[in-house]
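To keep things clear, I will list the structure first and then write my remarks on it.
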2 protein chains.
Amino acid sequence: MDNMFEPIGESQTLSQRIERKIETAIREKRLPTGSKLPSERELCEMFAVSRTALREALRRLSARGLIDIKKGSGGYVSDYNIKNAISSLLLYYDLKFDKDLILQINQARAMFEPEIARLAAESRTDKHVKELRATIDDLINCNHDDIQAEADLVNKFHAKVTEASGNSFVIISMEPIFSLVPRIRNFIYANIEGEKNNILEKHEEIYASIRDKDGQKAFNAMSKLIDRTNEIYLEHLHKYNL
Amino acid sequence: MDNMFEPIGESQTLSQRIERKIETAIREKRLPTGSKLPSERELCEMFAVSRTALREALRRLSARGLIDIKKGSGGYVSDYNIKNAISSLLLYYDLKFDKDLILQINQARAMFEPEIARLAAESRTDKHVKELRATIDDLINCNHDDIQAEADLVNKFHAKVTEASGNSFVIISMEPIFSLVPRIRNFIYANIEGEKNNILEKHEEIYASIRDKDGQKAFNAMSKLIDRTNEIYLEHLHKYNL
DNA sequence: GTAATAAATTGGTATTACAAGTTGCGATAA
DNA sequence: TTATCGCAACTTGTAATACCAATTTATTAC
């Protein structure tokens, strides 16, 4: 019995209550996307509060990405997009970034990405095929010494495969991974010297499977690729005793 | 050539620049978790700005979950937890919730949950086994008429399985799904009359597999369960032409 | 030393004033 | 008539001051 006696009255501040009222209106679409909010003075009158309190409520909503405020113009209901949605998630991973997270991400990739490749093979459009081809070509032409550029292109390829799955939930879920890769790269300077041809081959195989709409083949190729990549990572982690 | 002429000067407001400065200090751990910020008056002097501008910066940081502000006490660097991180993600799904999202979520579950069950079987602790057992027992004892309670318990079971995987990235990724189930339930009144025994059996099978650390068996059982559930959903969607 | 009390400190709200940017209307010129 | 310019009437952004309410700290009485 932790909370036998809950706090009496509203512990919420005035500006928080205003925030919640406007937020509810937005969630219930009473304020549709893109619509203009009344001016601050008008809202002050409507809520019967000072401009100070109202502005702080608007600042919170703006910080959370629910509204856009333009100086001299006014406030508008934001087109709440994925960027807003995952920005705080990215911040979270940014703060808790460590070796464990890297291992867990690698594990998650091994679990999910083969299935994603399978779905991509079944759902991809011609546009996706073109973009995947272009990415691999860039990778082929990439300077062998530029490890950073190579890693970025590999990352781009995997992001494109995920995009080709057409499942927005999957795309959003994987987004943090592809955003964190640059940081992982700074953490693990795993050299894939002598592996590049092998890696490249597997990417070609994945590409071909998706192009030919062969889900099972895409699954297998992706599975092998991720497993091999994880092996390289683990070897490196052991070698440098991280 | 889209951006031949980039905007001149800082389009950022003063309060946004203050916000960014403090945010950077937090991200770089110069302000460690739990530490107390200087008082508003002090910060005003340090940044040489009015209290108005400073407070709006603090409001933004507070709204984003980076700091906690206690009246009469002061501001503290928040222990930025998962709740903060995924709250905006939940808002996003809340706003774009529709039939398509439900279908994509079901697809994603079919892709991911079997693998999650496999990992759970390999990583689970005794505590997880107990909790899973308790959840199934609740489901058995649940009133057959109370469809809502049943759905909640099934949902809880799947959340617990995910938790047992021990992979925090996976847990966070799946969190939106388990949060959305109540809304899906209101969308689809899929009657599992006559299915309950079948569903229950499969849950028992998953439980036993995880208890016995049989990953492959857990994978198969979860796979069958999700497939059957999706069938029921699709039948319902067709029947009512949603 | 402890507990009650008073004082100082801190965040919350209100008010007023002005700065700075945007919008739209109308006067003016072509 | 049409295009352009400029001004006026908006809008939000920042500043300064004052006071309220909650919390913390210092003081006092026991």
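What you see is a predicted model; the values in this text were computed from it and never measured. Chain letters run A, B, ... following the sequence lines, proteins first and then strands; every chain starts at 1.
Under the 3.5 Å distance criterion, the side-chain polar atoms of Ser165(A) are left unmatched by any main-chain donor or acceptor of Val161(A). Within the 3.5 Å criterion, the main-chain N or O of Asp94(B) finds a donor-acceptor partner in the side chain of Arg183(B). Remark: the backbone N or O of Ala85(A) is paired with a side-chain donor or acceptor of Ser88(B) at under 3.5 angstrom. Of the possible donor and acceptor atoms, one in the side chain of Asn81(A) sits under 3.5 Å from a partner among the backbone N and O of Asn84(A).
For Lys130(A), the NZ atom sits in a loose shell: 12 or fewer heavy atoms of surrounding residues, nucleotides or ligands are nearer than 6.0 Å. Annotation: Glu122(A), atom CD; neighbour count of heavy atoms from other residues, nucleotides and ligands within 6.0 Å is above 12.
The stretch residues 47-58 of chain B touches DNA chain D through Val49(B), Ser50(B), Arg51(B), Thr52(B), Ala53(B), each having a heavy atom within less than 4.0 Å of the strand.
Every residue meeting the salt bridge (charged side-chain N to carboxylate O under 4.0 Å, His left out) condition with Arg59(B), not counting sequence neighbours, appears here in chain and number order: Glu56(A). Listed by chain and number, the residues in a salt bridge (charged side-chain N to carboxylate O under 4.0 Å, His left out) with Arg124(A) are Asp126(A) (sequence neighbours excluded).
Scanning DNA chain C 5' to 3' for nucleotides with an atom closer than 4.0 angstrom to a non-hydrogen atom of chain B gives a first and last hit of dT10(C) to dT13(C). Of all nucleotides in DNA chain D, those with any atom nearer than 4.0 Å to a heavy atom of chain A start and finish, going 5' to 3', at dT11(D) to dT14(D).
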Can I get a per-line list of side-chain donor-acceptor pairs under 3.5 Å for residues 70-77 of chain B, giving both atom names and the distance, sequence neighbours left out?
from	atom 1	to	atom 2	distance (Å)
Ser73(B)	OG	Tyr76(B)	OH	2.5

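Ring planes of Phe169(A) and Tyr93(B): tilted class, angle from 30 to 60°.
Where Gly75(B) and Lys70(A) each meet DNA chain C at their nearest nucleotide, the meeting point lying more 5' is that of Gly75(B).
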